[in-house]
Amino acid sequence: KKVGGPDAKIKHGMFSWCAMVTCAGTATAVVFYAVGEPIGYFHNPPAWWNMAPETMDTAVRALSQSVFHWSFIYYAMYAFWGFICGYMVMNHKLPPRPSSALYPIIKDKAFGPIGKVFDVIALLGLVGGMVTSLGLGVQQFASGLNYVFGISPSNLVYIITLVVVICSFTMSSLRGVKKGMAIISNANAWIYLVVIAFLFIAGPTVFECKIMTQVIGEVFTRFIPNITATDSFNVGNGWISNNTVFYVAWIMAYAPLMGVFQGKVAVGYTWRRFLLVNVLGPGVFNLIWFVAFGGNAIFLDAFRGANLGEEIAAGGIPIANYALLKHMPLSGIMIPLVVAALFF
């Protein structure tokens with residue numbers, strides 16, 4: 001069956017579709033944590049891992065934990081809502097609201113007070129998620145301006161950046177999906193691909209390919225332990241709650257409305273392809289993304305004495321990506337590219 005019914009026509013090409021679902025879901029978090037999270041785990045592994053810092057096993061675990069947080073399970077939650085909301089909205093022509101996903105369970109009550117409460121909760125969750133994303137993104141964008149132009153972060157810089165980003169987003173939304181979101185997502189996707197290719201080519205290519213193979217194995221073998229980890233003896237002193245649980249809650253805040261969007265842009269494609277594109281495509285992309293950034297950072301600290309961990313600990317996660325790129329060739333070009341990716 002097709003998204004939108006048997007007669008539905010494809011509205012977006014495959015690349016544009018993949019770009020939209022990947023970029024809309026990738027958002028600020030994946031860019032923000034690309035270096036900071038894995039390098040942090042590498043130097044200071046959570047106590048409940050019971051692993052020594054700065055070893056090969058810790059490097060693999062650090063990257064796999066980051067991939068677990070921001071890859072397949074991330075997009076699986078989006079796709080879960082996307083499948084339900086998309087099917088009810090696009091195939092059964094219900095209102096494009098998160099509450100339409102409740103129709104198979106509560107039928108017409110989804111259009112009454114229960115549905116309205118659910119929509120309000122979803123909207124409030126979206127607001128909370130957007131505030132978090134905007135806050136992190138503005139910090140990192142301002143840090144990028146400091147690296148590129150020497151403009152020190154300040155409240156004025158944060159406010160101006162926030163206003164410009166909101167205006168850009170509003171203009172994109174007003175132009176519609178095809179003329180707004182699709183164009184920006186395509187541009188962003190090419191920036192991401194250029195940055196990843198650069199990090200693999202200019203960085204330790206063989207090391208990154210080897211550790212990526214190990215990370216893939218670690219992601220699969222530790223999937224069940226990761227999703228069931230609760231640290232019942234509180235060895236990590238609240239690490240699970242402050243990291244994994246926080247990230248999952250953040251993602252779930254976006255999920256219902258993200259699901260409506262996924263269904264809208266997938267019209268004309270089969271539901272089987274919908275699941276493949278919305279889970280496997282972005283999941284694989286984010287795995288490669290974290291290995292490209294985090295793997296490079298770990299290599300530089302482990303084998304080149306770059307001390308990125310200390311620099312990031314002193315300056316904060318917002319500078320992490322720039323601290324890495326500063327040690328790479330063509331940093332004068334690549335740092336502005338990453339700043340541009342954050343803006344879009």
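Note that the structure is a prediction, hence the values are computed from the model and not measured.
- With a 4.5 Å cut-off on side-chain heavy atoms, I39 and I298 count as touching.
- Using a distance-only test at 3.5 Å, with no hydrogens or angles considered, a donor-acceptor pair links the side chain of N226 to the main chain of R222.
- Annotation: side chain of F290 is in contact with side chain of P38 (closest heavy-atom distance under 4.5 Å).
- Using a 4.5 Å heavy-atom cutoff, the side chains of Q262 and Y78 are in contact.
- How far CZ of F42 is from CG of L63: 9.5 Å, rounded to the nearest 0.5 Å.
- Expressed to the nearest 0.5 Å, how far OH of Y103 lies from CG of D108 amounts to 5.0 Å.
- Once rounded to the nearest 0.5 Å, the distance linking OG of S64 with CD of Q214 reads 10.5 Å.
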Side chains of residues 111-127: which donor-acceptor pairs under 3.5 Å do they make with residues two or more places apart or in other chains?
unit_1, atom_1, unit_2, atom_2, d
K116, NZ, F111, O, 3.4
D119, OD1, S99, N, 2.9
D119, OD1, S99, OG, 3.1
D119, OD2, R97, NE, 3.0
D119, OD2, S99, OG, 2.9

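- In this structure a side-chain-to-backbone donor-acceptor pair under 3.5 Å is present from T213 to C209.
- Checking each of L330, I333, L199 against L325 for a side chain to side chain contact (heavy atoms under 4.5 Å, CB included) leaves exactly one that passes, namely L199.
- I216 contributes atom CD1, which lies 11.5 Å from atom CD1 of I211 (distance to the nearest 0.5 angstrom).
- Looking at heavy atoms from C-beta onward, F15 lies in side-chain contact with W190 at the 4.5 angstrom threshold.
- Judged purely by atom type and a 3.5 angstrom limit, T244 has no side-chain atom pairing as donor or acceptor with the backbone of I240.
- T205 places a side-chain N or O within donor-acceptor distance of the main-chain N or O of F200, the cut-off being under 3.5 Å.
- Note on V279: it does not cluster hydrophobically with V248, by side-chain heavy-atom contacts below 4.5 Å among ILVMFWY residues.
- Put simply, the side chain of N91 gets close to the backbone of K2: a donor and an acceptor are under 3.5 Å apart.
- Side-chain contact check for M14 versus V277: some heavy-atom pair is nearer than 4.5 Å.
- For the pair L337/M334, a side-chain contact is recorded, criterion being any heavy-atom separation below 4.5 Å from C-beta on.
- Y192 and F285 have tilted rings, their planes meeting at an angle from 30° to 60° on a 0 to 90° scale.
- Under the 4.5 Å side-chain heavy-atom criterion for ILVMFWY residues, no single connected hydrophobic cluster contains both I73 and V284.
- Heavy-atom neighbours of M252 CE from other residues, nucleotides or ligands within 6.0 Å: at or below the threshold of 12.
- Annotation: Y33 is in aromatic contact with Y247 [ring centroid separation under 6.0 Å].
- Note on V260 and M77: separate hydrophobic clusters, where clusters join Ile, Leu, Val, Met, Phe, Trp and Tyr whose side-chain heavy atoms are under 4.5 Å apart, directly or indirectly.
- Only one option out of Y41, F233, F246 pairs with W239 in a ring-ring contact (aromatic ring centres under 6.0 Å, His included); it is Y41.
- For the atom pair C18 SG and L276 CG, the distance stands at 10.0 Å (nearest 0.5 Å).
- The number of heavy atoms from other shown groups lying within 6.0 Å of NZ (K93) is above 12.
- Shown here are the salt bridge (charged side-chain N to carboxylate O under 4.0 Å, His left out) partners of K326, two or more places apart in sequence or in another chain: E311.
- Taking the side chain as every heavy atom from C-beta outward, F223 and F220 never approach each other to under 4.5 Å.
- In the hydrophobic clustering of ILVMFWY residues, with side-chain heavy atoms under 4.5 Å counting as a link, M51 and V235 come out together.
- No side-chain heavy atom of N278 sits less than 4.5 Å from a side-chain heavy atom of Y75.
- For the pair S71 (side chain) and N286 (backbone), a donor-acceptor distance under 3.5 Å is absent.
- The backbone N or O of P53 sits nowhere less than 3.5 Å from a side-chain atom of T58 that would complete a donor-acceptor pair.
- Relative ring orientation between F303 and F207 is described as perpendicular, the plane-to-plane angle rising above 60° on a 0-90° scale split at 30° and 60°.
- Taking the ring centroids of Y74 and H69, they lie at or beyond the 6.0 Å cut-off.
- The CH2 atom of W289 sits 9.5 Å away from atom CG of L193, with the distance rounded to the nearest 0.5 Å.
- Not one N or O on the side chain of N296 forms a donor-acceptor pair closer than 3.5 Å with the backbone of G203.
- R304 is linked by a side-chain contact (heavy atoms from CB on, under 4.5 Å) to F299, L300, counting only residues two or more places apart in sequence or in another chain.
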